[in-house]
Amino acid sequence: MNRGPFFVLQAAYGLVVGLLTTLKYFFSKKATIDYPRVPYRHAERFRGVHELRRYDDGLERCIGCELCAVACPANAITVIGAENDPHAPVSPGERYGYRYEIDMLRCIFCGFCEEACPTDAIVLTPRFDIADFTRDRLIFGKDKLLVRDPLTQHRANTESAAETEPGVVPPAPATPPPPTAVPSQPTGAS
Amino acid sequence: MTHVPEWLLTVVIKSAVLIFIVVTAFAYLMLAERKMLGWFQMRVGPTWCGPWGLLQPAADAVKLVLKEDLTPADADRFLYKVAPALAVLTALLAYAVIPFGFYPDGHPIAIASPNVGILFLLAAGSIGVYGIALGGWSSQSKWPLLGSIRSTAQMISYELAMGLAIVPVVMLAGTTNLAGIVAAQARHHLWYAVPLFVPFVIYGITALAETNRAPFDLPEAETELVAGFHTEYSSLRFGTFFVAEYVNMITVCSIQTLLFLGGGDGPWVERLPWLSVVWFLVKVAVLLFTMIWWRATLPRLRYDRLMAFGWKVLLPVAALNLLIVAGIVAAGGPRG
């Protein structure tokens, strides 16, 4: 250790600098987010809890193809598809997701299901706080995953379009938006 | 009804009130420390129990009381159970002689005002090491034993420098009565922290070491010794050690206030004697804040450096300073 003649002064100077540093933080703005009382929002691209989307007319996007379940590396997704009733279709097309379950305790939130989905039905949202007391309640079915109100969905769509950064061309939808006429044109002979 | 002497009744009531005040102060000192440490680290500290977390001490107390009280199988049961009580008892003992201010007639507000007040404080502080030493030793466990050995060595080493830092005050004031020392400072309109700046600093450093506070918290040293001397303690016994530590903090800050910062002396005290209590409390609060500030700033010393600092730096400097002050006083300098 360097013990020159001014060692004590140097040491004292070091202490003062240290004290002033901590004092600066004492008066600085706190980094804490008062979380449950102040909701925290992750970035839009954060991969959190899933959501099953609808088309603007209220029809479900999911066609029960099970590609998400195949893509899932954690085997967290269970899909059972069923034939649409042509007169009261749940989704445009022949089939729809009759049961759609994601085990949130198995899910690793990798987003592969999102990538695999041909109709952009399953998407990951920034929502992250899904703690619960039993395992059963953490297997999310359609009741928890499906977007409820078509109007809400419509609003969300337009908002996310408005939030898109200028200069960035929003990607073209993987599937063309369904014409509202589709439900009235039963495609399968079921 | 048997006759109870009036003085005994007075002392008992005063003591009960004082213990209540001190223990409440402890609870809120702990909350204040957690809050302030949070602020120093850009956090907010406890905020959930009551407004601004003000009920946190109550929640902590309930939690501690409800915990299971464990005694290690090999522990020396009697000493193990006595140690926390001993620690808190010696910590509270000091308040018997601390004058918190002055009555309008000039008498000190204290339970007792013995002529050997300072010696009493030093003695009480020395006994304080027993609680920690016995607590660690009787646990029959490695970390507590190491913690208590450290604390014994540390407290004995730093007590020497502390004593030598107090002696100049006694020489200048010409009395060992605490109220007398405060009165002497008020008479000269000069707090001893100014002429005796070196002992003031040395006392501050040794006070940190005596109370096992960071950066001298080696008896607890979480990163090395789990929790040091109270590793094996749980429930209320752990809480008792906690009370002892924080009460000791308030004690050393009170003593520093009395010896170096003029006790209850301050502006407008002559006209409003009760203001002396406020000044006293303000000074103690500032010193307590500084203690927490040190804790938030400095890392823990290595054990050999702690010992080297105490014996090779603080003790010689304190002794040299004592010689100089003694020379000045002997040459006819300022005196009580």
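So you know, we letter chains A, B, ... as the sequences are listed, proteins then strands, and number each from 1. Note: hydrogens, waters and symmetry copies are ignored here, and every other heavy atom, side chains too, is used.
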For this session: Evaluate whether atom CZ of A/Phe46 has more than 12 neighbouring non-hydrogen atoms of other residues, nucleotides or ligands under 6.0 angstrom away.
Result: yes
Seminar exercise, completed: Under 4.5 Å to a heavy atom of chain A? For B/Leu37 that would be neither
For this session: Please name all residues satisfying side chain to side chain donor-acceptor pair (under 3.5 Å) with A/Arg127, sequence neighbours left out, ordered by chain then number.
Result: none
Seminar exercise, completed: For residues 24-42 of chain A against chain B, heavy atoms under 4.5 Å, the residues are A/Tyr25, A/Phe26, A/Ser28, A/Lys29, A/Lys30, A/Ala31, A/Thr32, A/Asp34, A/Pro36, A/Arg37
For this session: Kindly give the heavy-atom pair with the smallest separation between A/Leu19 and B/Trp294, and that separation in Å.
Result: CD1-CH2, 3.7 Å
Exercise. For atom CH2 of B/Trp52, is the number of surrounding heavy atoms from other residues, nucleotides or ligands below 6.0 Å larger than 12?
Worked result: no
Exercise. Heavy-atom count around B/Tyr303 OH within 6.0 Å, excluding the residue itself: above 12?
Worked result: yes
For this session: Scan residues 46-64 of chain B for pairs that pass salt bridge (charged side-chain N to carboxylate O under 4.0 Å, His left out), counting only residues two or more places apart or in two chains.
Result: B/Arg34-B/Asp60
Exercise. What residue among A/Val17, A/Leu20, A/Thr22 forms side-chain contact (heavy atoms from CB on, under 4.5 Å) with B/Thr297?
Worked result: A/Thr22
Side-chain polar contacts of residues 64-75 of chain A - donor-acceptor pairs under 3.5 angstrom, sequence neighbours left out - could you list them?
none

Seminar exercise, completed: Checked A/Leu15, A/Thr21, A/Leu23 vs chain B; the most non-hydrogen pairs under 4.5 Å come from A/Leu23
For this session: Give a yes or no on this: more than 12 heavy atoms of other residues, nucleotides or ligands lie within 6.0 Å of atom OH of A/Tyr98.
Result: no
